[in-house]
2 protein chains.
Amino acid sequence: MKTADPELMRAINRFHVLDTIRRAGAISRVEIGEYTQLSATTISAITGALIEDELITPHHEGDLRSSGTGRGRPRVKLTLNAGAARVVGAKIATNGLAFVVSDFEGQPLAELKLPLRADRLALAVLADLVEDGVRRCVHDAGLTLGEINSVALALPGVIEHGSGRVRSSPIFRDTDVQLTETIGQRLGVPTIAESDANAVALGEHWFGRARDCDDFLVVAVENGLGLAVMHGGQLFRGARELSLDLGQMMLGGQDGSYHRLLDLAGDDAILCGGQGDIRLREAVHLGRPMTHVRRLIEQGNPDLAQAVHRAGEALGIAIANLVGLFAPPRVILAGANLALGPHLLDPLRTSFDRSVTPSLREISEIIIDEAGDELWARGAAAVALGELYGSPWGSTGPALRTMTGLARAGE
Amino acid sequence: MKTADPELMRAINRFHVLDTIRRAGAISRVEIGEYTQLSATTISAITGALIEDELITPHHEGDLRSSGTGRGRPRVKLTLNAGAARVVGAKIATNGLAFVVSDFEGQPLAELKLPLRADRLALAVLADLVEDGVRRCVHDAGLTLGEINSVALALPGVIEHGSGRVRSSPIFRDTDVQLTETIGQRLGVPTIAESDANAVALGEHWFGRARDCDDFLVVAVENGLGLAVMHGGQLFRGARELSLDLGQMMLGGQDGSYHRLLDLAGDDAILCGGQGDIRLREAVHLGRPMTHVRRLIEQGNPDLAQAVHRAGEALGIAIANLVGLFAPPRVILAGANLALGPHLLDPLRTSFDRSVTPSLREISEIIIDEAGDELWARGAAAVALGELYGSPWGSTGPALRTMTGLARAGE
DNA sequence: CATATTTGTCCTGATTGCGTATTAAGTACG
DNA sequence: CGTACTTAATACGCAATCAGGACAAATATG
C-alpha cells in the first residue's frame, strides 16, 4: 500500500503539469490550471521549478500577436524543453529490431531498423544485437551514449516491468531471462523492459490513435498475441507487475476440442498452412511473411486462406471476450499481422459482431492501426520518458530521483 | 485525472490507518506505524482525530498484562468503535434476498434471509421487497432506519457503481434501471449498488478466504457469471465504473460452433437438462435448484450429469483464460452453484489444468468457497463501510463528507 | 497618454508530514 | 521501597504543499 507524503503529492502534481504541457505542446499557465484544476499559485510554483530545472521553456516571444481576445497581458506559452533528456526506445520482435532515439518531447531524433530473424535466441546473442543497434542509432542522432538518460526495451511475451525480467517470450529460448540487467550493464545506461503491447499502447496514447482517450485496449497481433489495458490513463499491470498475455486464451467447445488462441491466430498457425511454398519460407526468413501470405492468398492458396480466416474468427471472439470483460470505449488492433488485410479483418469483424454482447457493440469501437514499427519504438521511448517524467504511479521508484539528478546535472 | 492536495493526502493516510486497525482488530500505534510506514507522530495525529471523532477507541485497560517483553511503557491498543456507524448490506439474487445489518467493524448485528424467486421483476416490485427486507432486518437489530448510515445492494449483472444504475441483470426485466435512486428514496438512506461478484470479493477480503491477499480474482457462479478483480487491495472497475461480467465470454471452436459461457454454465443451461422432472421445477421455485440437481445426478440422471459436466468444463476454461490474463495468485470460486459439488468441480479442475498455461498452474491457487449468502451480504455491507471509511479512491466523493458529518453529529 | 483587462507572482494563512526532544507509564533490580 | 531503565506516545520546530488575495507586468483600447 502506498502511503502519502508531501513528496508524493508534489510528484503527482508535477507529473500532471508536465503531462499537460506535453499533451498540449504549447500552453499557458492559466490553461494548465483549467485542465488540471490546480490553483494558479501552485501552477506557478511547479512551472517555476520546471523552468529552473530546464525541463520546460517559456516563450514570451511575440509569436502569437493575435491571441484572440487580445486584451490584457498576453499569455506566456510553455513548452517542453526538447533537449532536457534523450531516451532510446527499442522494439524487439522476431522479424527484426527497431530503434528510436527521441528527445524529451518524444519526437524522434533518429530511427533505425534492423530486419533480421530474432527467434529463440540466447540472451547474449540478443544483447549483442540490441547493444549494437542502440549504439548505432545513438550515433546516427549525433549523440553519444553518455547523453542518453534511459533505454526502454519492448518485446513480446510476459514481461515483469518492475524487475525487468522476461518470464517468457518468443524471442528467447530460455525462460526467466534477466534482460534489463544484462543490457543495462553493457550500455551503462538505465534500462527498463516492457511488453510490446504496453509499449504500443503508450505509443497510441501519446502519438497515435488514442490521444483523446484514457481508456482503451490494445491487441498486438504479431509473434505472440499481446494485450494492453489502458485504464484511466495508466497501464494496467497484472498482479506482479506482469504484462498481460492474450495468446493463452482458450477457445474450444464442448466436443473436447480445445485450442489456444495462439494456436489458432499465432504466426505459426497461419504459416503452417503454406509450408510447402519456398518463397514463403524465404519471406519468413526476411521477416515479412504476412505480406507474402496475403499475396499467396490472393493468388488462390486455399490452405492459407482458410488458416487466416480461422485466425480472424478466433481473434474476433477473443476481442469480443475482452470487450465483454472490460467494456472499453476503444479497442486498437496493431501489429505486423494486420498486413493480411481483409483476409484477416473481415472474418474478425464478422465473428466479433456475432460474439460481442449487443449492448456493447456500439459502445466499443474497433480501430485498426497499421502503424509501423516506429510507433512501437516510440512507444517504448514513451515508456522511458514516462518514468523520467516522474510518474508517481510507476512502481520503479528511482525514476524520480533519476530525473532530479538529471536536472541537477543540468544546472 | 486526480489532483493531489493536502486533503487528499490526509484522506489517504487516514484511510490506511483506519483500514489497518480494522484488519488487526486491536493494534497499538507503533504497530500501525510498522504496517503503514507512517511516522509515529503522524499516526498519533491521525489516531487522535479518529478518537476525537469516536471512530476508534483506545484501550489502556490492563487487558494484556503479559505483553511479552513487558519492559517499558505498555502499548495502548486501539480498536474500531463498533458503534460508530451501522450499515445494511443486501444480496439480491434470483433465489432470494439476504440482508445484514452490520456495525462499523463489519460484524453482523442482524441477518435476514428471504428465500423467494426474484426473477425478471419490475423495478417497483423489487424495490418493495428490498425496502421491506431492509426495514425488517433493521428492526431485528433493534435499530431504526434513522440510525443506518448507508445501504449497499449487491446484485448480479452489469452494475455501474458510480451512478447506481443497473445496466443489465437477471433480476430485472428491463435494462438501465435506476436502482439506488429508487430504493434510496424509499428508505431515505444513502444507497449504493455493486455487482454481487465485487461484493463477495470484498467479503472475502475482509472476512473470508482472502484476508491475507491483496490480489485475487473472484468468480461468482450463480444466476449469471460474475467476475471481480481485486488488484492491490482495490476492486478493479471497468472503464465507466462498470462491473465486469464473465457470462458473455465466448467459447467456441473452429467448426463454427460458438457458445457463450452463460449458455454452457449458466443456470438455465444446467437446468434445461432436467426440465421433465416435476420436483426439480419445484426446487427451482424454492430457490435451491442445484442441491436437487445434485441429488438427481447421484440418482443417475444422465442429461443433468452431462449438462453439469459441460458447465464445469466450460468454467475451467474460462478461469484458465482469466488466469492467463491476470496471473493472480489466488482465484476464489463462490456461489450457490457450487452446491453441485464434485459433479461440477471435478471437470472444472480437469479442464482448468488442461487449459492453463503450465507456468501459471503453480502460481495461481484455486479456492472453492461454499460460504453462504451471509458472506455476500456482509461483503455488500463492507462496500458501504468502505465508502464510509473515506476511501480516497472510491470515486464517490461525498462519502468522506458523509463520515465527517456523521462524526460531527456524534460530538 | 491614461485606463481597462488579463496574466503571472508574491505574501499570508492553514494544513500536512517528518524529526527530535520531552513526557508518560510501566518493569527490573538493588 | 525507591531508583534506573525501557518503551510508548506526544509536544514542538521545520519544511513543504495548496488556496486566497493583493500587487506588479504587459498589452489593447479610448
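What you see is a predicted model, and the numbers here were worked out from it, not measured in a lab.
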Completion exercise
I51(A) CD1 to dT9(C) C1', in whole Å, measures 12 Å
Problem - Atom-to-atom span, CD1 of I12(A) to P of dG17(C) - whole angstrom - result: 14 Å
Problem - By side chain to side chain contact (heavy atoms under 4.5 Å, CB included) - contacts of S102(B) (at least two apart) - result: V87(B), V100(B), A381(B), L385(B)
Practice task
Would you kindly check if the NZ (Lys) or CZ (Arg) of R22(A) is within the cone defined by 45 degrees around the ring axis of W206(A) and under 6.0 Å from the six-membered ring centre?
Solution key: yes
Completion exercise
note: R29(B), atom CZ; dA24(C), atom P; distance rounded to Å ~ 15 Å
Exercise for the section: Would you kindly give the CD-to-P distance between E31(B) and dT7(D), to the nearest whole Å? Expected result: 15 Å
Exercise for the section: Output yes when a side-chain donor or acceptor of N198(B) lies under 3.5 Å from a complementary backbone atom of A228(B), and no otherwise. Expected result: no
Problem - Sequence-aligned protein contact record of nucleotides 17-25 of chain D, with B where the base is within under 4.0 Å of a protein heavy atom and S where only the sugar-phosphate is - result: SSBB---BB
Practice task
Check whether any side-chain N or O of R75(B) sits under 4.0 Å from OP1 or OP2 of dA8(D), and answer yes or no.
Solution key: yes
Practice task
For this output row, return yes or no: ring centroids of F236(B) and H231(A) closer than 6.0 angstrom.
Solution key: yes
Exercise for the section: Would you kindly give the CG-to-P distance between L8(A) and dA15(D), to the nearest whole Å? Expected result: 22 Å
Handout entry: Atom pair distance, as rounded to whole Å: CZ in F15(B) and C1' in dT16(C)
Key = 20 Å
Handout entry: Close aromatic pair by centroid cut-off 6.0 Å: F104(B) and Y389(B)
Key = yes
Handout entry: Contacts of T57(B) that satisfy side chain to side chain donor-acceptor pair (under 3.5 Å) - sequence neighbours left out
Key = none
Fill in the blank from the handout: Separation of dA8(D) atom C1' from E34(B) atom CD, nearest Å, is 12 Å
